[in-house]
Protein chains: 2
Amino acid sequence: MDGGQIAAVRRFNRTVTAAAGALTDAYLDEDLSLGAARVLWELARLVDTEGGAPVALRLVRDELDLDPGYLSRVVARLAAAGLLASAVDPTDARRRLVAPTDAGRARIEVYDRRSDALAAGRLAPLTAGARARLVAAMGEVERLLAASSVAIDEVDPETDDAQHCLRAYYAELDERFDVGFDVTASLPVRPEEVRPPAGVMLLACEHGRAIGCGSLKFHGEAPAEIKRLWVDRAARGLGVGRRLMDELENRARAAGCRAVRLDTNASLVEAIAMYRARGYVEIPPFTDEPYADYWFEKRLD
Amino acid sequence: MDGGQIAAVRRFNRTVTAAAGALTDAYLDEDLSLGAARVLWELARLVDTEGGAPVALRLVRDELDLDPGYLSRVVARLAAAGLLASAVDPTDARRRLVAPTDAGRARIEVYDRRSDALAAGRLAPLTAGARARLVAAMGEVERLLAASSVAIDEVDPETDDAQHCLRAYYAELDERFDVGFDVTASLPVRPEEVRPPAGVMLLACEHGRAIGCGSLKFHGEAPAEIKRLWVDRAARGLGVGRRLMDELENRARAAGCRAVRLDTNASLVEAIAMYRARGYVEIPPFTDEPYADYWFEKRLD
DNA sequence: CGATATCTGTGACTAAAGTCAAAGGATGGA
DNA sequence: TCCATCCTTTGACTTTAGTCACAGATATCG
């Protein structure tokens with residue numbers, strides 16, 4: 001990467017933080033500090049993502065990464081102002097459940113209206129065309145920034161995150177294949193087959209959320225086999241699949257494999273295009289996978 | 001503008017401030033607080049823009065909008081650490097001149113290297129194509145954000161900013177016209193002609209820097225005349241010209257004019273395209289302007 | 001059951017960031 | 001020359017944000 005790009009990122013950061021800094025003003029409050037207002041706002045967001053039920057204070061602490069003593073006091077202040085209600089968790093009396101009250105919701109409304117006004121003020125001077133271009137460019141920056149914060153790590157195939165990805169993968173196959181997809185009819189991949197030393201499973205995570213996976217089964221000197229490659233629909237087109245493939249191939253190469261193989265279904269057209277673009281070539285069937293239509297191999301020079 | 005756009009701007013602000021927040025880490029310093037580090041950095045920037053000579057502390061205060069007491073202490077701390085040198089201004093003993101020392105410059109180098117590393121870390125996980133798209137989108141956001149912070153205000157034609165724009169305008173004409181441009185050969189526009197009540201002059205400013213101008217000469221009931229419309233090259237394509245024209249036409253309409261007129265040179269193709277797009281139609285010459293090739297009029301319904 | 005770990009709350013701090021008022025020296029205009 | 005104004009410094013605060021250690025209640029594991 002060249003220095004011009006680095007300079008561009010830095011210039012962008014400077015401009016945009018200055019512009020977005022004004023956003024802080026939206027959270028100014030007569031009787032609440034900025035920190036308290038932020039906790040209230042984030043709490044409401046957490047409660048909403050959890051379906052509206054009160055959330056454990058512990059979750060808030062983890063999410064915002066705050067000191068327990070500090071958070072305890074902030075919560076006490078919010079409760080005293082009547083903006084937040086808390087109660088002991090009936091399933092675990094050590095925990096405390098918190099949720100914003102109606103008054104708290106009303107306060108958040110105020111912040112939101114002010115934030116909207118600031119955003120609208122940003123857009124107002126622009127012509128409709130420029131406005132559309134700005135919003136589009138912002139979306140692009142956001143998507144790519146999200147992509148750049150995706151980390152790829154080795155994981156045990158029996159962890160919750162890994163299982164979540166596999167379930168999502170099966171669900172998508174079931175939806176896309178004309179005949180549906182039944183895991184039990186497919187060739188099984190047992191956890192121990194994709195766990196060292198027999199294999200490896202990789203997870204792509206964005207801010208701790210698993211959004212993709214891929215695994216590798218070693219066959220000694222013979223070509224290693226790539227299995228269960230999947231990327232969340234919302235994260236496609238950002239190179240996550242490519243990065244997973246890169247890393248899987250690297251692992252195979254490091255393990256001394258001369259080639260990697262995989263099988264795939266004809267309806268997975270984007271995946272097939274990616275395999276071909278990466279140098280995979282079609283070979284005769286090497287598995288009895290009932291859902292497979294194509295078999296590919298790539299030599300790892 | 002629709003709510004989706006506002007929501008997009010807000011989402012963008014949230015994402016990007018979080019991402020850029022990490023940038024703060026670049027300014028962490030063993031023996032300097034964040035605020036002090038920032039003052040040092042901004043001071044160096046100011047000194048550089050002023051051509052390397054020490055700048056008045058007063059200027060720093062205005063630029064960063066700090067409390068005099070606070071700044072005084074920060075500067076004292078920086079001076080004690082040997083990062084900044086200060087001296088009484090020989091031309092005005094109330095003022096103090098400050099500049100970073102070599103040690104201060106070295107410290108800033110450290111911040112810059114860390115900032116670069118953070119920016120590079122942002123880009124590293126992306127493929128070359130995604131990287132280029134990100135940098136391009138960041139540039140677009142920056143440009144449009146800059147455009148949205150352009151303010152258009154009425155100004156006296158004899159202020160420095162107005163004169164600066166006119167000089168830049170003449171210089172550009174001289175460069176673009178085949179025969180060059182000589183102000184004294186052109187029809188004069190005296191200040192009082194574009195100052196109320198005879199006329200009006202508008203200035204487009206971005207963060208206090210003048211980047212465009214335009215003026216209007218009233219002729220009673222007869223069509224008003226638009227003169228000296230100019231936008232800085234770096235700010236073109238952002239709708240600044242369009243906004244200046246909008247405002248000039250509004251002023252003419254408010255003054256009871258039924259139409260506006262202007263003359264222009266054949267080499268100013270973008271301007272001519274804009275006039276046509278805005279509904280200006282060619283009319284017979286109504287001035288003796290030697291540099292004019294086209295005369296346009298627009299009816300203000 | 002007991003040991004150990006977990007979650008929250010309390011007390012006691014600290015550093016940073018900033019505000020306000022007043023003072024002292026310097027300047028510029030009447 | 002005098003007076004109002006300007007720039008900087010100093011002292012005396014305040015608020016915010018956060019840290020650290022520990023206590024008390026509760027849960028979990030062996």
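Lettering follows sequence order; numbering is per chain, from 1.
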Notebook entry, point to check: A:Arg94 CZ to C:dA5 P: how many Å, rounded?
Noted result: 13 Å

Note to self: It should be established whether B:Arg58 places a side-chain nitrogen or oxygen under 4.0 Å from OP1 or OP2 of nucleotide D:dC7.
What the structure shows: yes

Next item on the list: Answer with base, sugar-phosphate or nothing: what part of the nucleic acid does B:Leu57 contact at a heavy-atom distance below 4.0 Å?
Entry: sugar-phosphate

Notebook entry, point to check: Do the rings of A:Tyr27 and A:Tyr111 sit parallel, tilted or perpendicular, given the 30° and 60° boundaries?
Noted result: tilted

Next item on the list: Would you mind checking if A:Asp112 and A:Arg105 are paired as a salt bridge, meaning a charged N to carboxylate O distance below 4.0 Å?
Entry: no

Checklist line | Nucleotide D:dT16, atom C1' - distance to CG of A:Leu66 in whole Å | finding: 14 Å

Check: What is the distance, rounded to the nearest whole Å, between atom CG of A:Asp65 and atom P of D:dA17?
Finding: 16 Å

Note to self: Heavy-atom nearest nucleotide on DNA chain C for A:Arg95 versus A:Asp67: which residue maps closer to 5'?
What the structure shows: A:Arg95

Notebook entry, point to check: Do B:Arg61 and B:Tyr70 have side-chain N/O donor and acceptor atoms under 3.5 Å apart?
Noted result: no

Margin query: Can you measure A:Leu28 atom CG to D:dT15 atom C1' for me and round it to whole angstrom units?
Written below: 14 Å

Next item on the list: Tell me what B:Leu34 touches on the nucleic acid: a base, only sugar-phosphate, or nothing, going by heavy atoms under 4.0 Å.
Entry: sugar-phosphate

Notebook entry, point to check: Are A:Asp89 and A:Arg96 within salt-bridge range, i.e. N to O under 4.0 Å?
Noted result: no

Checklist line | Closest nucleotide among D:dT8, C:dA17, C:dG11 to the B:Arg96 side chain | finding: D:dT8

Note to self: Side chain of B:Arg73 only, heavy atoms from C-beta on: which candidate in D:dT26, D:dG11, C:dA26 is closest?
What the structure shows: D:dG11

Item checked: Touch class at under 4.0 angstrom, heavy-atom based, for B:Ser33 against every strand present -> sugar-phosphate

Next item on the list: Side chain of B:Arg61 only, please: which of D:dA17, D:dT8, C:dA17 is the nearest?
Entry: D:dT8

Margin query: With nearest nucleotide decided by heavy atoms, which residue, B:Leu97 or A:Ala93, maps closer to the 5′ end of DNA chain D?
Written below: B:Leu97

Note to self: In this structure, how many angstroms lie between the P atom of C:dA15 and the CG atom of B:Leu32, rounded?
What the structure shows: 15 Å

